[in-house]
Each structure stands twice: as structure tokens, then as C-alpha cells.
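Throughout, a chain's letter reflects where its sequence line sits, starting with A, and its residues are numbered from 1.
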Amino acid sequence: MEIPQFLEYQEHEAVDNSAQKVPILPSDAIKEKQAGPPHEALFLILTYLPLFELLAMNQVCTSLRDAVNKDVLSWLNIIVDKALSLKLSDEILMKITSKANGRLRTLALMNCAKITDNGLQQVVEQNPLISKLYLPACTGLTPEGVIRAVKTLSDHGHCLKSIMINGIYNINKQHLETLESYLHEMNLDAKKEQPGSWPLLLLEYMDSPTFRHDKGHTIIDLEVCPKCDEVRMVFDCPRWACKRMIERSMTRCRGCRFCILRCQECGGCVDSQEIEEAVCAHILCSDCWLHLPKCNFCNKPYCKQHVDNKCCTSGSTGFVCEVCYAKYIVNLPSIVEYVDF
Amino acid sequence: MSTSTDNNASITQESGPSAAVQDIQKKIVVRTADGEVFNLKEEVAMEIDIIKTFFQEDSISYETVMPLPNVEGWEMVKVIEYCTKHVELKHKVDGYKERKAFQALFVQNLSTKSLLALTNTANYLEVKYLLDFLCQAVSEQIKNKDVDYVRELFGVENDFNDEEYEQVKAEAPWAHENLNNDLH
């Protein structure tokens, strides 16, 4: 009698589970001889590391620890990412930023919900030379707190070139105007050199949000959406001649994400009639949907952000998405029980 | 050497009408540590600050072959590849996707060891944007990874004694608590 295909999946799942218990080691490790002193280049990368990785390097060996601790350069650009964002308290922030000896240049706190206005103010008072202040989704902050911090920087250091505040609650047009006036005053030269700014594409923003200033994007990440008149992040369209532009000739395809739906893969605008959905519920345009690999069961693709959530089953090509996997494969043992062999 | 002919070949492949003009374009010659000789187009060579300084500061004639004793042949090939692409994309408005695709291919077949060696070279040659890119690439490799992984990846020996190690961990105890639970 043929073993039903369902049982095969179950076996493979068991094998997968046991395989996952082995610690994940880099397949690409420098293996040729006994471990030794750190490569010279490792000292070069220190200033590029976000906080979490910097702290890890600090623990690798004595020479790297010395380099991290004694070199103030590694502490001038603090980037707190997903790994540490929820652990960062005001106190820890103070401790970390004090290592810059007052010369902190970039403070990027991505989704650091525990940081308060007071915490931010303390850092800013001790480090007036900050030029990039990125606080996206730091929901513990208020618009008033941000304004106070920006004013302090304007009065004392006058170096602020770029801020991100998308995700902080309750920012209205007045707040935005106040911030704009401080920032434009600090960047009069920049305005003369670059009358316009580089268009902001969804894809670029998601890939490397903290490089916005280097790419010539706007000084504040928020503006008033030309379509709905609310304070939002506004994106441009990467399509050379997108449908929207052609249909409503003359209006640029610029708007917030509520007004103009964009494909998660390519950032291009998507008509409400031709929306395709990914497993993760993100929107895709039909072109991107066509060339992405799809789940064997429900025929939906993943967007590249979530593609690691797919479940592979050996013995068949392609993949099964996590939803179908849970629905059809994990639940099978109860179905199999009813089959009489 | 195949590398020199590659450089020459890339000129004739470019757009027809200006090919004749480019043939007359000045070339700069460098020699790497392993004796390989490279003919660089002037505009690409000038992207490499150490070369630019060498020729411009003392007005040295382009006939001089510049020695690069700290650079290997294969590294020079990669540096030229990156700089050439950079010059090409400089004036393109919508080069973002192309640049991303190129960068992904550029590091695809490089081992960790090679990546580190190339990073050092980019630093020595003083090509800022290449150094930035390579440092980012190395930094991506250890993103969200713990200390053991980093040591293993870069082949670094743990030379802390127990006391020192406890001290270093005590500096930021909150950073590595519940490591596996938080990362998803």
C-alpha cells in the first residue's frame, strides 16, 4: 500500500526539527588554521557597526576590546537597531553616549520605545554637535520633547543636518513648521546648493533608512502629503512613466502610503484594481507578483522582507508558506489517525 | 596578462562613436605586489586617492609605473571593477537598483578572508566609497550574531582570562540577555 504523501511530510518535519537544534555556525568561517589574533580589517569596521554588533566585538578578544573602548571614533555614530531597541532605557542611553565625550555626531534610535523626552534632552545637552538625529517610532517621545531637543541643538551646536521622526505620535502641522524653521536656519548653505532633493523611493528607505542624508534626501522625513494634507512620510514613484502620471497627466506620483498604494517589492504605485497580495499581507504589483516564487498550496508569494519565513519540504520543489504549513501539514497527524491501514 | 587585456577590451566595447576618443585617453600604469601590471583609464585611476596624490602632487609623468607593494593582483582587479562601475553610475539618476544588483554580485563569491583583505586594501588605496561599502558588507555578516559566531567567523582566538571576560560582560549585561528569545 502506498504511504500517503502526508506521512512523508511529517517525517521530514521531525528531521528538520532535530537539525535545528545544532547551533548555527558560519559556513564561511576562516578555518585554515588555529584561531589567532584579529585581522587588521576588523579594526576598520568598528566605526560602521550598530551598537549591538559593537558590543559583541568588544567581547571577542582583548585587542578588539581595547580598540572599542579606547577609540572614541567607534562611539560617535550610535545606531540602535532591532536587536537592542526595546532594551534601551534612558539610563543605558546616557551611559552609551557618554563614551563620545561630547562629540556624538549621529544618534539613531530605531523603534526605541522606552526613551523619554528627558532622556533625549540629557543626551542632546551633553552632545550639542549632533548632526543626525534619527528617532523613528520612538513612541515614548512627544513632539514637544523633540522640538525642545532640536532647539537645544540649534542654540548650542548648530550642526543638525537631518532628522527622522516618523512614528512619533501626534505630530501636527504646527510642530512640523517649528521644526522646519529651526532646521532650515541651520542648513542655509545646503539649501542654496541643492534646491530640490533626491526623490525618496520606498525601496531605498526600507533598505537603509539611516543613509538618507548622504543621499540628498529632505532634512525632515515628514511632510504634508500633497493628496490628503496630513503630516506623513511622502514617497516618489520609481517608475519612469507610471500609470498614475499618464492618466492624470501633470500630477507627479507623490503621496503618503495611505494615498498611494505601493508595491512592497519595487516601490512602484499600484492601482487598487490590480493589487496582488503576498503571504505576509503586503501589497505587490502584478509584475513583481509574476516573477516571485509562490507557495505550493495557496499560490501566494512572499515579499523579500519576509521570505525567510517560508517552510521548505524536501522531496518537492518550491516551498510551502507558514500559513499553509500550519493549516495543512502540521495538523495532519489528527487526520492520519482516522485512516485505517 | 589577462587582466590588462580585460581593461583594454572594456574600452572597445563601449559606445561606438566615442571609442576613438577613448583610445587616445591617457592611461596610468601600476604594478601590484605580485608583479602584475595594470593599465588604468585615467578617470578610473583618479578615483583611487593614493594614485591621484602620487601623480598630481608632484606632477609625476604618467609614464612612471606606480608600485603598489601592499596590493595583490586579484585585489586590484576587484578595485578596478568597483571604481569603473562607480564612475559609470555617477551620472545616472535612477541607478539605485543597478547599483544594488552590482554590489550583490561583487561580494557574492568572496570568502570572509578575501573580504577582509579587500577591505584593508581599499583603506590603503584610499577609495572611500569602496571602503564604506566593504565595511558595511562585513558588518552585515555579523548582524544580530553573538560573540561566539563572530569569533568563529573571523577566526579570532579568545585571549581573555576569566576575570577579564566577566568584567567585559558586566559592562553591558542588558545587551546579551535573552538573546535567542528576542531575535526573530
Side-chain angles (χ1 to χ4, degrees), chain A residues 23-42 44-65 68-69 81-84 86-89 91-92 95-96 198-199 201 203-204 207-208 211 214-215 238-240 266, chain B residues 93-94 96-97 100 110-124 129 131-161 164-165 167-169 171-180 182-184:
Chain A
I24 304 163
L25 286 175
S27 54
D28 190 23
I30 298 175
K31 286 190 210 95
E32 351 129 298
K33 46 183 174 178
Q34 273 298 85
H39 192 285
E40 264 179 82
L42 292 178
L44 293 174
I45 69 166
L46 293 178
T47 51
Y48 294 82
L49 295 176
L51 186 62
F52 181 77
E53 287 74 16
L54 187 63
L55 293 172
M57 287 293 260
N58 191 28
Q59 294 183 13
V60 167
C61 67
T62 53
S63 39
L64 279 172
R65 173 204 56 187
V68 169
N69 273 334
D81 244 326
K82 195 159 86 164
L84 290 175
L86 293 175
K87 292 186 181 162
L88 196 77
S89 64
E91 195 189 314
I92 297 174
K95 199 165 159 228
I96 297 291
W198 205 251
L201 303 180
L203 219 55
E204 276 193 70
D207 260 347
S208 48
F211 287 116
D214 308 315
K215 291 194 191 141
R239 299 199 204 284
W240 176 238
C266 67
Chain B
V93 173
D94 54 350
Y96 181 72
K97 267 201 162 170
K100 276 281 160 189
L110 286 178
S111 67
T112 306
K113 185 165 171 245
S114 305
L115 195 54
L116 291 180
L118 200 56
T119 304
N120 241 6
T121 300
N123 186 42
Y124 168 73
Y129 52 79
L131 178 63
D132 284 346
F133 168 62
L134 290 171
C135 286
Q136 285 297 332
V138 176
S139 149
E140 278 296 309
Q141 290 205 334
I142 55 170
K143 197 170 171 71
N144 288 339
K145 298 289 195 281
D146 64 8
V147 188
D148 294 317
Y149 185 99
V150 177
R151 276 202 206 105
E152 180 81 28
L153 179 69
F154 295 134
V156 182
E157 187 195 353
N158 180 2
D159 61 349
F160 281 115
N161 63 43
E164 284 178 320
Y165 195 58
Q167 232 179 6
V168 126
K169 285 214 303 198
E171 275 174 22
W174 42 271
H176 301 284
E177 290 164 356
N178 302 321
L179 190 72
N180 296 320
D182 282 3
L183 298 175
H184 40 255

Taking B:T119 for its side chain and B:L115 for its backbone only, find out whether a donor-acceptor pair lies under 3.5 Å. yes
Any side-chain to backbone donor/acceptor pair from B:D159 onto A:C61? Under 3.5 Å, distance only. no
Just verifying a value: how many Å separate A:Y48 OH and B:F133 CZ, rounded to the nearest 0.5 Å? 12.5 Å
Kindly write out the residues that satisfy ring-ring contact (aromatic ring centres under 6.0 Å, His included) with B:F160, not counting sequence neighbours, or none if the list is empty. B:Y165
Please output the side-chain donor-acceptor pairs of residues 50-57 of chain A that fall under 3.5 Å, not counting sequence neighbours, one pair per line with the distance.
residue: A:E53; atom: OE2; partner: B:N144; partner atom: N; Å: 2.7

Choice from B:K100, B:R151, B:Q136, B:E164 maximising heavy atom contacts with chain A below 4.5 Å: B:R151
Based on non-hydrogen pairs under 4.5 Å, which of B:V150, B:N158, B:N123 is most in contact with chain A? B:N123
Side chain, backbone, both or neither: which part of B:L131 has a heavy atom under 4.5 Å from chain A? both
Top contributor to chain B interface from A:L84, A:N58, A:D81, A:I92 [non-hydrogen pairs under 4.5 Å]: A:I92
Check whether A:I96 gets within reach of chain B through its side chain, its backbone, both or neither, counting any heavy atom under 4.5 Å. side chain
